[in-house]
Structures are given as C-alpha cells and as structure tokens.
Amino acid sequence: MTQRHNLIAENVSCKYGDTLIVDSANLTLTPGKITALLGPSGAGKSTLLRLFSGLETPSSGRVLHGDTVLSDDHIMIPAERRRIGIVFQDFALFPNLTATQNIAFGLAHLPQPERLALAADWLARISLSARADAYPHQMSGGEQQRVTIARALAPDPVALLMDEPFSGLDPALRDDVRQTALSAIQSLGIPALLVTHDAAEAMLHADHLAIMHAGKISQQGTPDTLYTQPKDEATATALGPIIKLTAHHNTTTGEIETPLGNIPAPASFAPTKAPFTLGLRPEAFTLDPSSTVQAQVRSARRNGPLTELKIEREGTNATLLVPSNTDTPPSGTIGLRLNPALCFVL
Ligand code: ADP
C-alpha cells in the first residue's frame, strides 16, 4: 500500500483571462478523511478540484502531496503522473467493457490473474459481485457510479477527488450508493475531496467542510463548528436557514438582548454599544410555558419529525422549527427559551 500523505492547496489562485476563479485557496485534504467543498454553482469548486488533480495550472500558489510539490510557479506534474483518482457526476464507464473489465482497466501493470482478482475484490467491496459481467447499459445509475468509484480506487491512488458524484442519482438510491462508496474510500485511508452543492450531503458525510463563495473559501472546519459558529451570513445560509434578530449588548447584565429572548454574551464577544445582528438557527428555541418570552403562533405545519412554527412577538416575526412530539401542533400563546449554542453574532 502506498504511503499516505496530505494533499495540500497552498494559497492557490486560478485565473481565466482577467477573472479570478479561485482566489488564494488554502485547503488540506487529510488521509482517511472526507473533505467536502460546498458552495453554489459557479463558486469555483470544480476549478479547485482540477487544480488538485493537475487538470488546471495555478496562476499562483502551490499544490503539494506531502512534501512533494505537484504544481507551483516552476513545476507542473501532469495529471496522469499524480496517481490521483477522479470521479465525475456522469458515470463515464467504458460502454463496451463489463463491470469487471472496467475496474481492471487501470490495472494494466499487473498480470492478468491479479487484475481479475483485484477487480473481483473491489466488486465485493461495493456489493456488486453479482453484476461482474454486466455491461454499463445493463446496470442502474447507482450501480454504474459504484463501479466508477471502484475503478478509480482499484489502482491504489494517492487521493480521490469527486465532483458531484452522487447528484445524478435517483434520491431513493443515493443514500445507499453514497454510504457504500464513502465507506470504501475511508477504508483505504486516502485523502478524499467531495465537491457538492448539497448542504445535507456535506454535513452528513464530511469530516472536514470548506465553504466556497465567489472563488474564496469563506470558512472551514468540522460541520458542527460551521453550522453553529458561522463567521458570516453567506457561510451560515450555505448550511441552512437562519433567523436574523436585531440585538443589543446589555453591559450591566452581560447579556445579549433580542426581541425573542436573551442569551449570555459569548466569551469571544467584543462588547459594543451599537445594535448588531444576531443569527440563529430555526431550531434554537425550546418551548417553555414558564418563560417570560411569550409569543403568538400564527401558523403551525408538521413536516415529519419537525414542525414549522410561524410566530410573532411585539412586531418581530420568525419561522421556528420545533420537534413534532405532540399530537397537535402548538397554538395560541407559547413561551420561548433561546439556546445560546445555536446563536452567532453576524
Ligand atoms: P463550481 O464548480 O463551483 O460550479 P466552477 O469551478 O465550475 O464552479 O466555475 C467557476 C467559474 O469559472 C464559473 O463562473 C465558470 O463559468 C468559470 N469557468 C469555469 N471553467 C472555465 C473556463 N475553462 N474558461 C473560462 N471560465 C471558466
């Protein structure tokens, strides 16, 4: 097995003409971890993936594999010499080859019996042994994408880069294919990049998450950190809806006061006299009849395990999410308690 190293983008930029598509990106892909790169269409995610792979040349900065420079101002190791596996959204299998032959394709350096044995081993790992002799047109999209990922992993690449690999799949199949594929990748212990525009996919599956907007990585960290402590509104909304409240710092009590309740000021809070915006997640409220913060329910809709509550208090409106753990949704006047863990200063 090849030694595992980080795959690193160090201050990497990429220009098309005068337009900066990737702007000073720093991202380290760690062995055995799934790093997700999340952002809207056109943010520069695929371009950063291409910079890692060697399909694109940086206009400045460096790409490294461990201590080895793959690209910088002077060096450009071509994609085919980097031994980095790439998986795109379209399954791109060879149509005239069976599942086994597709996986064995990248193993030309091995004697035939070993190639076939390794291909059979990969088919088992992706739970497709029964489809060994099927041609791509005889397989479902999910089966094809599993074979594509096995084909990329079989030659023991130093890293795997995936560009929206699951977004072409039927939602009913997607979870299963994704779980099988990501487990196979993690078992190899190589660095893996998952480019996606799907926040739920990124939060559920990433060990490390980077958010990209207009060519820049705005924030990176664990999914939990980014969800609960986003640095700005764009990063916050990339991971889900937020409620914005006008807030004041009460220097006497040390609390942050909002129309929907108060929270202790966090340790990192820089005291200010000016009003500011407190962001919070819709699930940041607990219903508590004894709370001094009483609000009116304007509408309530059960949406599976969560109920969407539109509430009003003294002219402030908000849409909350509360657990659907009662037979009828809350109505009338309710008491609200704000959970500071899901609040952040914007
Ligand atoms: P994402 O993957 O986040 O959707 P991309 O990296 O594909 O974003 O593209 C980022 C921006 O770069 C887009 O505005 C796109 O139009 C532009 N772009 C991508 N490839 C090229 C190219 N070869 N020439 C010029 N512009 C490009």
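Computed from heavy atoms alone, side chains included, the values below leave out hydrogens, waters and symmetry copies. Start at 1 and go down the list; that is how both ligands and their atoms are numbered. Position 1 is the first residue of the sequence; numbering continues from there.
- The side-chain hydrogen bond (donor to acceptor under 3.5 Å, both in side chains) analysis of residues 292-302, with sequence neighbours excluded, yields the pairs Gln296-Thr333, Arg298-Glu312.
- Protein residues are said to neighbour a ligand when one of their heavy atoms lies under 4.0 Å from it; for ligand 1 these are Tyr16, Ile21, Pro40, Ser41, Gly42, Ala43, Gly44, Lys45, Ser46, Thr47.
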Indicate every side-chain donor-acceptor pair of residues 238-251 with a distance under 3.5 Å to a residue at least two apart or in another chain.
| from | atom 1 | to | atom 2 | distance (Å) |
| --- | --- | --- | --- | --- |
| Lys244 | NZ | Glu233 | OE1 | 3.1 |
| Lys244 | NZ | Glu233 | OE2 | 3.2 |
| Asn250 | OD1 | Thr252 | N | 2.9 |
| Asn250 | OD1 | Thr253 | N | 3.1 |
| Asn250 | ND2 | Glu257 | OE2 | 2.7 |

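- Screening residues 129-168 for ring pair (Phe, Tyr, Trp, His ring centres under 6.0 Å) gives no qualifying pairs among residues at least two apart or on separate chains.
- Between the side chains of Ser183 and Gln186, not a single donor N or O lies within less than 3.5 Å of an accepting N or O.
- Of the N and O atoms on the side chains of His65 and Arg82, not one donor lies less than 3.5 Å from an acceptor on the other residue.
- More than 12 heavy atoms of other residues, nucleotides or ligands shown are found within 6.0 angstrom of CG on Asn325.
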